[in-house]
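Notes to accompany the following structure.
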Amino acid sequence: MCGIVGYTGLNEAAPILLEGLSKLEYRGYDSAGLAVRDADKETVIIKAKGKLKELYEKTDGGSTIKGSCGIGHTRWATHGEPSEKNAHPHCSDDGNVVGVHNGIIENYQELKEKLIKKGYTFYSSTDTEVAIKLIDYYYKKYNKTPIDALNRALVRMRGSYALLVMFKDFPGEIYASRKDSPMILGVNNNDCFIASDVPAILKHTRNVYYIDNLESARLADGKITFYNLDGEEIQKEITEIKWSAQAAEKDGFEHFMIKEIYEQPAVIEKVLSSLIKNGEIDLSETKLTKEQINEFSQVLIVACGSAYHVGVVAQYVMEDMAKIPVRIEYASEFRYRKSPFDKNTLVVIISQSGETADSLAALREAKARGLKTLGIVNVVGSSIAREADSVIYTHAGPEISVATTKAYSAQLVAVYALSVKFAYIRGSISEGAYRKYIKELNSLSSLTKKIFEDKERIQWFASKFSNAKDIFFIGRGIDYAISLEGSLKLKEISYIHSEAYAAGELKHGTISLVEKGTLVIGVLTQNELYEKTLSNIIECKSRGAYIMALTCYGNYDIEDTADFTFYIPRTDSHFMTSCAIITLQLLAYYVSVSRGLDVDKPRNLAKSVTVE
Ligand code: AGP
């Protein structure tokens with residue numbers, strides 16, 4: 001997704017903007033640019049296709065453009081191919097208005113036609129240029145304030161945006177407007193900062209503001225003023241960011257991904273400590289009453305990607321423990337389905353970023369239907385977190401690598417705790433079982449730590465298969481859910497084709513793809529399904545497959561069949577995903593590294609998909 005940064009204060013803006021953009025590279029981009037203004041001079045705009053280093057070189061690290069007010073952008077193309085012409089910032093032809101944008105203006109064609117009739121011409125094929133010229137049009141037509149021009153434009157634009165705009169008549173000032181796309185604002189003495197995400201400003205300030213949809217802001221003279229759509233000033237509280245600067249850095253690891261994989265035992269402990277207090281699972285932050293929990297007729301989990309895979313685990317766990325029907329839906333599908341839902345449905349939206357467009361739209365659809373909504377979110381103050389009826393924060397800290405690991409594991413713990421508590425409140429598990437599950441949950445952090453003791457075996461195995469063409473993951477029940485996430489991790493960072501299959505489904509088609517040397521990874525952590533999955537593995541082996549087995553210590557008979565086995569510590573079968581997934585994350589990581597790929601920023605992918 002695109003990244004935006006802005007700075008106005010007493011220092012040179014360009015170096016601050018470039019450094020901020022470098023902290024947003026993980027969001028995925030294909031061009032970049034910045035606009036800097038010296039008080040009484042013209043605004044200078046510099047853009048470059050490709051990586052940020054092109055922009056660094058063009059501006060000699062920002063030293064060649066002077067000015068203490070500026071905006072910057074990394075572009076992930078949505079309208080118009082990646083090019084310097086389409087890169088942001090965009091400006092009105094007379095330079096009166098200059099701006100950058102993250103999001104999509106859905107009705108930009110209609111607005112473009114309107115502006116052409118008013119005499120505007122266009123040099124790019126972007127929706128952003130239309131937005132900037134629309135603001136310019138209203139500013140000149142009504143000749144009022146920048147906030148007035150912005151508000152008139154916001155009323156006309158449909159879609160999503162995090163907009164930063166500078167006006168020729170207002171040197172030293174930055175104006176911002178937001179709808180759906182992420183935006184964080186910060187102040188520090190005489191300086192104002194604004195960006196798509198916290199890491200871009202964390203070096204300069206921890207004092208931040210969150211801005212809501214259809215709100216605007218003026219950044220100038222070390223002060224940020226907020227306005228609503230009517231142009232009235234609104235008050236906002238400052239929030240202090242608790243993250244350490246290091247938390248957003250690599251801590252000596254080669255990649256953010258391996259750092260975040262290693263953080264998982266600590267993250268599991270942290271999210272458990274936020275949910276288990278004095279030996280009890282405490283769901284008070286969900287604001288769900290016992291009566292509501294008993295009244296729910298079903299739970300609908302809606303998410304995308306890895307968050308969806310957490311939902312697949314949750315379905316098995318919650319249905320088995322709480323005896324409540326659980327349905328899972330891809331957010332991109334849910335928002336367009338016409339499924340009837342019982343009014344006593346709890347809709348759970350799982351999202352690391354809290355900004356995924358499909359998940360946010362699904363949340364709004366659920367609310368429009370009058371359903372109770374609960375977010376399980378990592379980024380504090382994100383859209384989903386603020387718009388859901390209530391939220392469980394996963395406290396995984398900033399997750400920089402595009403491939404999610406620690407946030408996925410934190411989400412797992414959240415759905416485990418929700419399942420156990422629901423089961424206890426609904427009377428489907430005894431007091432003894434409730435205590436036993438809590439004890440098992442509290443052991444997860446130390447159990448997962450043990451897995452790293454064997455990481456060299458995974459690293460060795462990964463190097464053997466780094467040139468594989470097809471890799472299949474198979475499992476039953478929760479092992480199928482584990483296979484889904486293991487397969488996604490592998491393909492998204494190694495670019496090797498991989499599929500996850502319910503093991504019993506193989507013989508209905510896919511086994512035709514298995515040939516001599518095909519790697520089949522069998523996941524066998526569920527005791528009652530072990531023999532069934534073993535027979536599926538044997539079917540694959542008899543067709544020449546190379547078998548890797550992922551199972552618990554003690555299942556040593558597997559070595560009569562598997563060519564390579566990785567053992568993990570055993571815990572309650574409901575929670576085995578937390579152990580198994582670390583092995584598969586390490587496998588994916590080492591395969592990607594052995595292929596010399598950009599592990600943290602895989603091609604075509606973005607950390608948060610804030611467009612449809
Ligand atoms: C997972 O590694 C991917 N980066 C992707 O599938 C991700 O899980 C998905 O886009 C959902 O993102 P969210 O959790 O921020 O909503």
Side-chain angles (χ1 to χ4, degrees), residues 1 26-28 76 160 180-182 196-198 255-258 260-261 264 267 301-314 328-335 348-364 374-388 391-412 414-415 481-482 484-495 498 500 581-582 584-589 591-592 597-612:
M1 292 304 83
Y26 71 85
R27 298 168 62 83
W76 194 67
S160 59
D180 294 342
S181 294
S196 299
D197 198 357
V198 168
H255 300 101
F256 279 113
M257 184 174 178
I258 191 67
E260 290 155 5
I261 289 173
Q264 290 176 115
V267 165
I301 299 174
V302 186
C304 302
S306 294
Y308 173 88
H309 297 156
V310 169
V312 180
V313 173
I328 41 175
E329 288 268 9
Y330 284 114
S332 54
E333 286 296 304
F334 170 77
R335 54 190 298 202
V348 179
I349 308 284
I350 303 175
S351 175
Q352 186 286 129
S353 63
E355 299 296 350
T356 297
D358 287 323
S359 303
L360 181 56
L363 168 64
R364 290 172 178 166
L374 170 66
I376 295 180
V377 179
N378 191 41
V379 178
V380 174
S382 57
S383 301
I384 291 172
R386 285 183 288 130
E387 293 190 27
V391 63
I392 293 177
Y393 280 121
T394 52
H395 304 289
E399 186 175 67
I400 307 302
S401 181
V402 165
T404 184
T405 51
K406 62 175 184 173
Y408 168 89
S409 288
Q411 291 162 0
L412 282 178
V415 299
I482 294 168
L484 285 168
E485 180 58 11
S487 174
L488 173 61
K489 282 285 100 35
L490 182 80
K491 58 188 149 188
E492 70 175 317
I493 62 172
S494 73
Y495 314 153
S498 165
I581 200 58
I582 290 184
L584 300 182
Q585 291 166 348
L586 288 169
L587 176 64
Y589 173 75
V591 169
S592 180
L597 299 173
D598 189 347
V599 176
D600 287 332
K601 297 192 285 291
R603 67 187 181 197
N604 308 337
L605 291 177
K607 182 60 184 172
S608 174
V609 185
T610 55
V611 293
E612 267 207 65

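Each ligand, and each atom within it, is numbered from 1 in the order the structure gives. Note: hydrogens, waters and symmetry copies are ignored here, and every other heavy atom, side chains too, is used.
Side-chain N or O atoms of Q352 include none that pairs as donor or acceptor with a backbone N or O of V377 at under 3.5 Å. With hydrogens and angles disregarded, a donor-acceptor distance shorter than 3.5 Å links the side chain of Y495 to the backbone of R603. Of the possible polar contacts, none joining the S592 side chain to the A588 backbone as a donor-acceptor pair under 3.5 Å is found.
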Q: Start with the C-alpha gap between R364 and D180, add the side-chain angles, then the distance that decides, and say whether salt bridge (charged side-chain N to carboxylate O under 4.0 Å, His left out) holds.
A: CA-CA 12 Å; R364 290 172 178 166; D180 294 342; 2.6 Å; yes
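Contact residues for ligand 1 (protein heavy atom closer than 4.0 angstrom to any ligand atom): C304, G305, S306, A307, S351, Q352, S353, T356, V402, A403, T404, L488, K489, E492.
With sequence neighbours excluded, the residues satisfying side-chain contact (heavy atoms from CB on, under 4.5 Å) with S181 are N102, S160, A162.
Ring pair Y589/H255 is perpendicular by interplanar angle, where above 60° counts as perpendicular and below 30° as parallel.
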